[in-house]
Amino acid sequence: MGNINPAFIQSIEHRPKLDFVVGDGIPLIDLSPLINSSEGLSNPKAIEGLIRQVGDACEKWGFFQVIDHGVPLESRRKIEKVQREFFLNPLEEKLKVRRDLVNPLGYYDMEHTKNVRDWKEVFDFTIKEPTVIPASHEPGDYEVKHLTNQWPDHPSILREICQEYAGEMEKLAFKLLGLMSLSLGLPADRFNDFFKDQTSLIRLNHYPPCPSPDLALGVGRHKDGGALTILAQDDVGGLEVKRKSDGEWVRVWSNEKYMSVEHRVAVNSERERFSVPYFFNPGHYVIVKPIEELTTEQDPPKYKEYNWGKFFAHRRFTNLKRLDVKNVQVSDFRISE
Ligand SMILES: O=C(O)CCC(=O)C(=O)O
Ligand SMILES: [Fe+2]
């Protein structure tokens with residue numbers, strides 16, 4: 001066993017099992033009925049089966065794999081290539097685009113999840129330039145700030161390839177959002193307005209080989225706080241999802257019908273791993289609360305409303321280092337029974 005910095009060591013109950021089980025029955029959804037249809041989401045009758053599959057997967061898992069999703073393989077290949085090239089840069093080159101308290105976008109290798117350091121390095125960029133978010137998470141502060149991406153000099157093509165990939169992901173995200181909305185019995189575009197000034201973010205992840213994969217995690221257990229996350233990964237493996245959990249953001253909109261799944265990333269001592277999550281997030285001014293159509297007198301709202309931007313700003317600025325307090329969670333807004 002190698003010696004690793006204690007900052008990476010998970011408490012015993014959160015350490016990964018090295019004799020992990022390969023997920024059985026994870027929903028696999030073929031999007032071709034939607035991709036190949038000329039009517040798209042406008043004729044729900046024609047894609048009824050698909051809508052049901054999405055609804056079932058959201059309800060039972062909060063997680064599913066999609067195939068025939070319409071994102072060109074070429075886009076995926078290109079981003080994978082530049083992602084590797086970027087992380088091969090010497091550290092001083094990567095630090096030129098380092099994320100800090102002023103700009104939370106760019107390169108970072110000290111992220112903490114639940115106050116334990118993750119065995120990874122990341123590069124973050126937003127898909128809208130600039131992206132507007134609150135200047136602070138303080139409730140009374142109405143000032144906003146404009147985030148701008150920091151692009152590295154090497155590889156110089158990174159920016160163009162990332163922007164092209166972002167465009168493809170955005171199209172897919174709206175399709176999935178539409179399917180989710182239809183599966184809740186709502187119009188396909190019910191949630192679209194919330195994303196007009198989206199604060200969506202793409203992350204390039206690199207998990208180097210780890211000498212102690214039994215003690216550390218690539219990403220500690222967490223739930224993504226946005227509307228949905230679309231993840232592309234290589235063939236190394238390591239993502240683990242908890243089958244049913246107490247969920248996050250979509251759950252709030254759907255008043256707990258759909259739940260965000262708890263997940264984490266295990267690392268291994270032999271192979272490095274690369275992944276690219278796209279976090280589909282609404283505009284900073286969006287007030288998140290259970291959608292009226294999904295609440296009734298018998299099934300009243302289970303969450304207090306909250307401002308997405310404040311939540312986002314809080315999360316972005318509290319995972320830079322180890323803190324003595326826990327960072328904000330959607331469950332903090334749950335109305336107790
Ligand atoms: O790399 C992965 O498989 C997932 C990463 C993740 O969960 C995250 O960045 O939120
Ligand atoms: Fe995640």
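Atoms within each ligand, like the ligands themselves, are counted from 1 in listed order.
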Around atom [atom1] of [X], are there more than 12 heavy atoms of other residues, nucleotides or ligands at under 6.0 Å?
X	atom1	value
I12	CD1	no
E297	CD	no
E160	CD	no

Restricting to distances shorter than 2.8 Å, give the number of protein N, O or S atoms close to the Fe ion (ligand 2). 3

Proximal ligand 1 atoms for [X], defined as those under 4.0 Å from one of its heavy atoms:
X	answer
S275	1 (O), 2 (C)
N205	1 (O), 5 (C), 9 (O)
F279	8 (C), 9 (O), 10 (O)

Pairs of nitrogen or oxygen atoms closer than 3.5 Å, one from H263 and one from ligand 1: do any exist? yes

For the 3.5 Å polar cut-off, considering only N or O atoms, please tell me whether H222 and ligand 1 meet it. yes

Closer than 4.0 angstrom, basic N to acidic O: yes or no for E168 and R76? no

Decide, yes or no, whether a salt bridge links E170 with K128 under the criterion of side-chain N to carboxylate O below 4.0 Å.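 Yes, this pair counts.
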
Proximity of F174 and F280 rings by center, below 6.0 Å: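 Under 6.0 Å, so yes.
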
I need the contact type for D224 against ligand 1. Using non-hydrogen atoms and a strict under-4.0 Å cut-off, is it side chain, backbone, both or neither?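 Under 4.0 Å from ligand 1, D224 contributes side-chain atoms alone.
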
Name the closest protein heavy atom to [atom], giving the residue it belongs to and the distance to 0.1 Å.
atom	answer
atom 3 (O) of ligand 1	R273 NH2, 2.9 Å
atom 4 (C) of ligand 1	V265 CG2, 3.6 Å
atom 5 (C) of ligand 1	Y207 OH, 3.5 Å

Taking the six-membered ring for Trp, are Y306 and F333 parallel (under 30°), tilted (30 to 60°) or perpendicular (over 60°)? parallel

Exactly one of R99, E93, E121, K96 should register a side-chain hydrogen bond (donor to acceptor under 3.5 Å, both in side chains) with Y107. Which one does? E121

Minimum side-chain heavy-atom gap V267-R273 below 4.5 Å: no

Per the ring-ring contact (aromatic ring centres under 6.0 Å, His included) rule, which among F86, W151, Y278 passes with F125?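 Considering F86, W151, Y278, a ring-ring contact (aromatic ring centres under 6.0 Å, His included) with F125 is found only for W151.
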
